[in-house]
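A note on names: the letters A, B, ... follow the listed sequences, proteins ahead of strands, and every chain is numbered from 1.
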Number of protein chains: 2
Amino acid sequence: MANDGRSDVPLGRRSPMATTRVMVADRNVITRVGIRSILERNAGMAVVAEATTYEAILDAVDEHGPDVLIMDLDLGDDTTRGLKICEEITDRYPGTKVLVLANTLSEMIVVEALRRGATGYLCKDDVKADELGKGVKAVQDGETVLGKGVGSMVARGLGSSRGQAEHLTDRELDVIRAVAKGLSNKQIAVQMYVTESTVKFHLQNAARKLNTHRRAELVHRAAAAGLL
Amino acid sequence: MANDGRSDVPLGRRSPMATTRVMVADRNVITRVGIRSILERNAGMAVVAEATTYEAILDAVDEHGPDVLIMDLDLGDDTTRGLKICEEITDRYPGTKVLVLANTLSEMIVVEALRRGATGYLCKDDVKADELGKGVKAVQDGETVLGKGVGSMVARGLGSSRGQAEHLTDRELDVIRAVAKGLSNKQIAVQMYVTESTVKFHLQNAARKLNTHRRAELVHRAAAAGLL
DNA sequence: TAACTACCTAGCCAAACGGCTAGGTAGGAG
DNA sequence: CTCCTACCTAGCCGTTTGGCTAGGTAGTTA
């Protein structure tokens, strides 16, 4: 029942040349309008829906059944939420390909997104106007599209983590966020209703996963990965 | 000679109602196209030039003499460079008002930008489509435009630093960048050819300026302010 | 059932850090 | 010349940290 919604929405497939139905998910109006303008220069492409929140994405995909969903993983304060949505879409709506259009380039996020079913990953600041249209077409055909610098990152990411990127648990993220605020382990312990030992435990695990052993770098990497 | 360039570029001022000549500086094509689309819905507004690098901004402003320059301060790897450009434009081309359109909201950057002559400061993720056009018009009239959340930030910023934001010295930035990489004070000392005491000295000063006393938070704030 | 994950706790030790006081130099501005 | 800024150095002391070993529970999956 998951993708039944698609069958009753073949509207828009009426032009002589099949139209690529695109949906855009981004919190930023300017970006949404920009993507729409760029894509609609190409004949045969139409932006059929937009979404600005995580909740709205699933509804809109279900309702409009786009061929390609262009999405920014960061639609709120939680990029991991974006990753989950990405996985959910590709699981439940195999007819909709996901093209991630990210603000930043973080190895961890790139690897996770692809592992969860994204067919393409482009970086906003690097993408050229014509690349966007080509990327959408390629992704629609099931071809994997990786932007400038993304490819090598994937290679490294898959190599270093042997196929499965370790990702931070909720608790670890909580601790890191507290560290970023300048709290000491003791203060964090009080705030989280656990002991200082536990705080140190989570930090050690997080540090190992992010491949560092210094809290300053830990915070920096987590921030760079869009985790804060 | 600075703004002589304006007089020979009155093209576009031919409509009955005076046209607002806008220039957009942003590294991101999608954003540039988006802004153009949104503004050109309003009659009486035209995007007459675009720039994607710091160098190109000054040339383009000199050549086209826009009424309003919409710019992202972060066009490369150095936001402070954007601040300098902002100051230079407002100094040399008083006929061109600067409206900063930022990705992130950092108290330090906001305060600095306004101190250096920006007439408005909006945040990409918060701005609504109609606000952009209104903002441009208001800025053109010399009215200060502050986006959601920016106002209170300015108040706090001006209050805490009494009119002059303390800014980090080169050396302090070097040390912070090293800390962000996870280096210890000793390692940083070796790398910078100074003693550990000196490293600690710079860190203490930087920490005071950024109003913290923990290196993890120091790195986080510096990163949030686009200083790394 | 066993195995696994996420979570929590304890204590030890050496290293690193923060906070402080008290000096120094070189270069530019008034 | 004096003041000021940015830069550099020294040492002390208490706190925080990183790194470690060695346990525990609850919930899920195989």
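- Regarding A/Lys186, its NZ atom lies at a distance of 16 Å from the P atom of C/dT9, rounded to whole Å.
- Of the two residues contacting DNA chain D, namely A/Arg215 and B/Lys200, the nearest-nucleotide position lying further toward the 5' end is that of B/Lys200.
- Comparing C/dT9, C/dC20, D/dG19 by their closest approach to the side chain of A/Phe201 singles out C/dT9.
- For B/Ile188 and C/dC17, the CD1 to C1' distance is 11 Å, given to the nearest whole Å.
- Two residues, A/Ala216 and B/Tyr193, neighbour DNA chain D, and the one matched to the more 5' nucleotide by heavy-atom proximity is B/Tyr193.
- In this model, the phosphate group of D/dC8 is not approached by any side-chain N or O of B/Thr195 to a distance below 4.0 Å at OP1 or OP2.
- In this entry the distance linking CG of B/Asn205 with P of C/dC20 reads 12 Å, nearest Å.
- Ion pairing of B/Lys84 with B/Glu87 is absent here, as no side-chain N (NZ or NE/NH1/NH2) approaches a carboxylate O to less than 4.0 Å.
- If you take NE2 of A/His213 and C1' of C/dC17, they are 15 Å apart, rounded to a whole angstrom.
- Each of B/Arg32, B/Arg81, B/Lys124 was evaluated against B/Asp72; a single residue qualifies, B/Lys124, per the salt bridge (Lys or Arg N to Asp or Glu O under 4.0 Å) test.
- Within 4.0 Å (heavy atoms only), A/Thr198 reaches at least one base atom of the nucleic acid.
- The pair A/Arg221-A/Glu217 meets the salt-bridge criterion, since a charged nitrogen lies less than 4.0 angstrom from a carboxylate oxygen.
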Output, in order, the C-alpha distance, side-chain angles, deciding distance and verdict of side-chain contact (heavy atoms from CB on, under 4.5 Å) for A/Ile30 and B/Leu101.
-> CA-CA 11 Å; A/Ile30 299 173; B/Leu101 190 62; 3.7 Å; yes
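- The distance from atom CG of A/Leu173 to atom P of C/dA6 is 12 Å, rounded to the nearest whole Å.
- Of the residues B/Val199, B/Asn205, B/Leu203, the one that meets the side chain to side chain contact (heavy atoms under 4.5 Å, CB included) test with B/Phe201 is B/Asn205.
- One finds no side-chain N or O of A/Thr169 lying less than 4.0 angstrom from the OP1 or OP2 phosphate oxygen of C/dT5.
- Rounded to a whole Å, the CG atom of A/Asp170 is 13 Å from the C1' atom of C/dT5.
- For the pair B/Arg208 CZ and C/dC17 P, the computed distance is 20 Å after rounding to whole Å.
- The side chain of A/Asn185 contributes no N or O atom lying less than 4.0 Å from OP1 or OP2 of D/dT16.
- Of all nucleotides listed (C/dC7, D/dC8, C/dC17), C/dC17 comes nearest to the side chain of A/Arg214.
- Following rounding to the nearest Å, A/Gln204 (CD) and D/dG18 (P) show an atom-to-atom distance of 8 Å.
- As judged by a 4.0 angstrom heavy-atom cut-off over every strand, A/Ser197 is placed among the base-contacting residues.
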